[in-house]
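Quick notes on the structure that follows.
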Amino acid sequence: MLLLTPGPVQTHPSVRAAMAEDIAPWDAAFRPFYARLRERIRVIAGGVEGEHITLPLQVAGHMIMEAAVRTYVPADSALLIPVNGQYASRAVRLARESGRVVVELPVPDSRGVTPAEIEAALAAHPECGHVVMVYSETGSGIVNDPAAIGPAVRAAGRRMILDAVSAFGALPLDLSAHPEIDAVIFTSNKCLEGLPGFAFAVARIDRTEASAGNAGSWSLDLADVLAISRSHGMGTLRFTGPVQTLRALDVALDRFDAEGGRVPRLARYRANADILYRGLKALELKPYLEDAEQGPIVVTFHQPAGLVLADFVEALKRRGVTISSYFTSYEPSFRIGAIGDVFEADMHKVVQAVKAALDELGLHQAA
Ligand SMILES: *Cc1c(COP(=O)(O)O)cnc(C)c1O
């Protein structure tokens, strides 16, 4: 079965096999392993030693986003969120429920936000000290580019929290060039191709120290994770976590290195996405995004007339392909992931499976 939800994503058998051992987070052998893994992750983020630190939590992506908002945005403070997709909307909700004031900047879910839009919104809302932005909006497949938006945030003297859950490890990110970023958050799954179970912030040490006491939560306080790292060492995990998934992540990072790192990984995903985009278009399905806006992570198509998503998903599953059973774009769509341990040959199979599934459902529209 090809798992293209995305995520969780398809993982390599060696990644899954790394979990098949009982280990204890408090064990002396685990501590240097965990400390080293955190350093490995900081380096992938372009974090600077002594300036940035990896702060893990044994949670899902949404929860570390909440932790980052709680930690870096003081209680009762305001933040700006460009909203051009489902994941940005979720950030709005979790920030509001954390007691923060959210100013939404609505943007169509068919393109990334522009620096001019961010500049104007920040000028109109001096109360917003932070911008929370989703890098790869998995809702539709568009990209909000921190290389373009970061300088606008910096010029306005504001701070940024970046949701890179479906970007990290594939799309470019060099924290050393982005002093405006307090924290970038992501998980062990998605483009790192590990199993779900852990989430990470790579964060500025100075900003994290200055944020102690903000969170209003012990569980979701990244400043406390930093404090424990300091007092007990980088090998110390707060609370029991699925540490087997850290073993799996370490193997996944070995595979990331063996592939040649981020650039070839992005090229593989881009090639995967292109095959899906062109292949499904050739079946006369309508892409949700213009070619130029289509990111490399997830490909989204309008639902053709008469399609019942649940039936389509089951028809694909019978052909060895699992896609998401719900859509997250503004208009009805279906989406297929281009990420995970999947390759061009797999994508050609997916195109064939879509064609056969549409035929079975009597929806095939190709000439
Ligand atoms: C997957 C994803 C998340 C959340 O991930 P969970 O682990 O399911 O909470 C957040 N943001 C983006 C952009 C994502 O793609």
Flag side-chain contact, heavy atom, 4.5 Å: L249 against I41: yes

Over 12 foreign heavy atoms within 6.0 Å of CZ, R16: yes

Please answer whether the main-chain N or O of A338 pairs with a side-chain N or O of N272 as donor and acceptor at a distance below 3.5 Å. yes

Are a donor atom and an acceptor atom from the side chains of R100 and S77 found within less than 3.5 Å of each other? no

Carboxylate-amine/guanidinium proximity below 4.0 Å for E21 and R247: yes

Atom pair CG/CG of L266 and L171 - distance to nearest 0.5 Å: 5.5 Å

Kindly indicate, with the supporting measurements, whether the criterion salt bridge (Lys or Arg N to Asp or Glu O under 4.0 Å) is fulfilled by R40 and D257. CA-CA 11 Å; R40 250 184 132 170; D257 289 346; 2.8 Å; yes

Determine, for Y87 and R90, whether the Lys NZ or Arg CZ falls below 6.0 Å from the six-membered ring centre while staying within 45 degrees of the axis. yes

Rounded to the nearest 0.5 Å, what separation is found between the CG atom of L280 and the CG atom of L358? 8.0 Å

Using side-chain heavy atoms (C-beta onward) and a distance below 4.5 Å, is K349 in contact with R319? no

Kindly indicate, with the supporting measurements, whether the criterion salt bridge (Lys or Arg N to Asp or Glu O under 4.0 Å) is fulfilled by R111 and E117. CA-CA 12 Å; R111 65 166 175 86; E117 287 170 326; 2.7 Å; yes

Hey, are K317 and E314 close enough for a salt bridge, meaning a charged N less than 4.0 Å from a carboxylate O? yes

Minimum heavy-atom distance between N189 and P8, given as atom pair plus value: OD1-CA, 2.9 Å

Which distance, rounded to the nearest 0.5 Å, do you find between the CZ of R158 and the CG of D182? 13.5 Å

If only atom types and distance count, is the side chain of S329 paired as donor or acceptor with the main-chain N or O of E331 below 3.5 Å? yes

For T322 and T5: C-alpha separation, side-chain torsions, deciding distance, then whether side-chain contact (heavy atoms from CB on, under 4.5 Å) applies. CA-CA 6 Å; T322 299; T5 33; 4.2 Å; yes

Carefully, step by step, assess T208 and V225 under the rule side-chain contact (heavy atoms from CB on, under 4.5 Å). CA-CA 10 Å; T208 309; V225 179; over 6 Å; no

Parallel under 30°, tilted from 30 to 60°, perpendicular over 60°: which one fits the rings of F30 and F33? tilted

Heavy-atom donor-acceptor pair, R238 side chain to S219 backbone, under 3.5 Å: yes

Is any side-chain heavy atom of N144 closer than 4.5 Å to one of V107? no

Taking side chain as C-beta onward, heavy atoms only, is L276 less than 4.5 Å from F301? no

Pair F200, I44 - check side-chain contact (heavy atoms from CB on, under 4.5 Å), show working. CA-CA 12 Å; F200 304 93; I44 295 171; over 6 Å; no

Report the distance from atom CE of M160 to atom CD1 of I149, rounding to the nearest 0.5 Å. 6.5 Å

Side chain S217, main chain L220, donor-acceptor under 3.5 Å: yes

Note: P196 and T245 closest approach over all heavy atoms is O-CG2, 3.4 Å

Can you label the angle between the W218 ring and the F239 ring as parallel, tilted or perpendicular, going by 30° and 60°? perpendicular

Under 3.5 Å, side chain of S188 to main-chain N/O of F198, donor-acceptor pair present? yes

Residue pair L55 / L226, side-chain heavy-atom distance below 4.5 Å: yes

Output yes when a side-chain donor or acceptor of T328 lies under 3.5 Å from a complementary backbone atom of Q86, and no otherwise. no

Working for side-chain contact (heavy atoms from CB on, under 4.5 Å), residues Y72 and H130: CA-CA 9 Å; Y72 299 102; H130 278 81; 3.9 Å; yes

Shortest non-hydrogen contact between A35 and G235, atoms and distance: CB-N, 3.9 Å

Distance check, rounded to the nearest 0.5 Å: L192 atom CG versus R255 atom CZ? 13.0 Å

Quick one: CG on L246 to CD on Q58, what's the gap to the nearest 0.5 Å? 9.0 Å

Distance-minimising heavy-atom pair for V9 and P6: CG1-CB, 4.3 Å

Residues E209, R230: salt bridge by 4.0 Å N-O rule: yes

Measure from the side-chain N and O atoms of T54 to the backbone N and O of R42, and report whether any donor-acceptor pair falls under 3.5 Å. yes

Strictly distance-based, threshold 3.5 Å: is any side-chain N or O of Y277 a donor or acceptor partner for the main-chain N or O of D291? yes

Do you know the tightest heavy-atom contact between I142 and D109? CG2-O, 3.8 Å

Okay, side chain of E49, backbone of I53: is any donor-acceptor separation there less than 3.5 Å? no

Does V15 reach the side chain of L195, with side-chain heavy atoms less than 4.5 Å apart? yes

Less than 3.5 Å apart, any donor N or O on the side chain of S140 or E137 sitting next to an acceptor on the other? no

For the side chain of Y330 and the backbone of G85, is there at least one donor-acceptor N/O pair under 3.5 Å apart? yes

Run the salt-bridge test on E51 and R204 with the 4.0 Å N-O cut-off and return the result as yes or no. yes

Salt bridge or not between R268 and D341? Use side-chain N to carboxylate O under 4.0 Å. no

Closest non-hydrogen atoms of Q10 and L2, given as atom of the first, atom of the second and distance, are OE1-CA, 3.3 Å

Below 4.5 Å, heavy atoms only, C-beta onward: do D250 and R36 meet side chain to side chain? yes

Row check, Y326 ring normal vs R335 NZ/CZ: under 6.0 Å, within 45°: yes

L361 versus V308: any side-chain heavy-atom pair under 4.5 Å? no

